[in-house]
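This report refers to the structure that appears directly beneath it.
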Number of protein chains: 2
Amino acid sequence: MRARDLAADFPTVGLDTSAIEAARLLAGQNLPGLVVVDQQNRPATVLPGTQVLRLGVPAYCQDDPALARVIDEAHADVFLRGLEDRTVRECLPDQRRELPVVDPSATVLEIAALMARTRSPLVAVVGPDGSLAGVIILDTLLDRMLGT
Amino acid sequence: MRARDLAADFPTVGLDTSAIEAARLLAGQNLPGLVVVDQQNRPATVLPGTQVLRLGVPAYCQDDPALARVIDEAHADVFLRGLEDRTVRECLPDQRRELPVVDPSATVLEIAALMARTRSPLVAVVGPDGSLAGVIILDTLLDRMLGT
């Protein structure tokens with residue numbers, strides 16, 4: 001079993017998609033994350049669901065639980081405003097991380113090791129020209145490995 | 001809206017649960033991760049799904065894609081053997097990470113910031129005695145925040 005046998009079509013977002021649209025897509029489809037593609041349909045980045053949350057959490061709250069706590073309930077819509085005003089591109093972290101991308105011949109063990117290392121529950125499968133050929137999600141991988 | 005309003009019951013595993021049982025639970029229920037509890041039902045650790053994968057990926061493959069690649073398809077069951085022989089306790093990383101745990105009065109923004117920071121799509125809600133009161137998953141959080 002190789003990456004090509006596990007890959008499926010999933011909705012993607014572009015760098016200029018609004019952050020609120022990205023969050024709604026994630027929530028509405030119960031996806032574990034989103035692949036962000038450039039205009040040539042090449043993966044620009046892969047956002048695990050937890051990192052999509054970052055799009056809406058004000059920077060000053062991200063690393064300081066005390067600050068998140070003092071913003072009282074009436075202002076939780078600060079989260080939504082953060083999403084509405086920005087594009088995905090504007091919300092990406094400055095620091096680029098290892099992109100969870102494999103080629104179609106990657107083995108199950110290779111995909112599992114990549115997901116574990118990058119902490120990404122989805123990996124993008126890319127063809128020889130670098131364009132997105134499909135997405136493998138953690139559930140699919142586990143189901144196939146365990147036969148559940 | 002507070003943590004207590006978002007928390008739900010989810011199956012947990014113990015430190016002495018076999019790793020294969022933990023992986024099957026995760027796969028069968030489409031959970032984003034597992035809370036590992038001690039004998040007093042206090043969260044010992046929270047394992048995002050990607051970290052449950054670690055239980056079955058041989059240590060020598062985890063950080064080296066080249067090694068994972070050379071293990072050919074016929075030996076992918078090395079993954080399953082890694083799971084069958086060990087308990088969850090034996091598979092936990094040596095290095096303890098920040099535990100994604102909140103008290104029942106935590107705000108939505110606090111939970112979102114914690115998920116983003118710890119990269120965990122689930123957080124444990126604990127009562128005053130430290131025992132598990134429920135689990136909040138990313139999907140629930142997003143659905144409530146976005147009204148989807």
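To find a chain, count down the sequence lines: A is the first, B the second, and so on, and within it residues start at 1.
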L26(B) side chain reached by D139(A) side chain, heavy atoms, under 4.5 Å: no

Is any side-chain heavy atom of V52(B) less than 4.5 Å from a side-chain heavy atom of L138(A)? no

Does [atom1] belonging to [X] count more than 12 external heavy atoms closer than 6.0 Å?
| X | atom1 | value |
| --- | --- | --- |
| D129(B) | CG | yes |
| Q39(A) | CD | no |
| D5(B) | CG | yes |

Could you tell me which portion of L114(B) (side chain, backbone, both or neither) has an atom closer than 4.5 angstrom to a non-hydrogen atom of chain A? neither

Let me know if I111(B) has heavy atoms under 4.5 Å from chain A in its side chain, its backbone, both or neither. neither

For the backbone of A116(B) and the side chain of Q51(A), can you confirm whether one donor and one acceptor N or O come within less than 3.5 Å of each other? yes

If you take all heavy atoms of L142(A) and A27(B), which pair is closest and at what distance? CB-CB, 3.8 Å

Nearest-0.5 Å distance, [atom1] of residue [X] to [atom2] of residue [Y]:
| X | Y | atom1 | atom2 | result |
| --- | --- | --- | --- | --- |
| L53(A) | R117(B) | CG | CZ | 12.5 Å |
| T50(B) | L141(A) | OG1 | CG | 11.5 Å |
| R54(A) | R119(B) | CZ | CZ | 5.5 Å |

Contact part of P121(A) toward chain B, heavy-atom cut-off under 4.5 Å: side chain, backbone, both or neither? both

Checking S105(A) against chain B: side chain, backbone, both or neither under 4.5 Å from a heavy atom? both

Between chain A and each of D103(B), T118(B), T140(B), count heavy-atom pairs under 4.5 Å; write down the option with the most. D103(B)

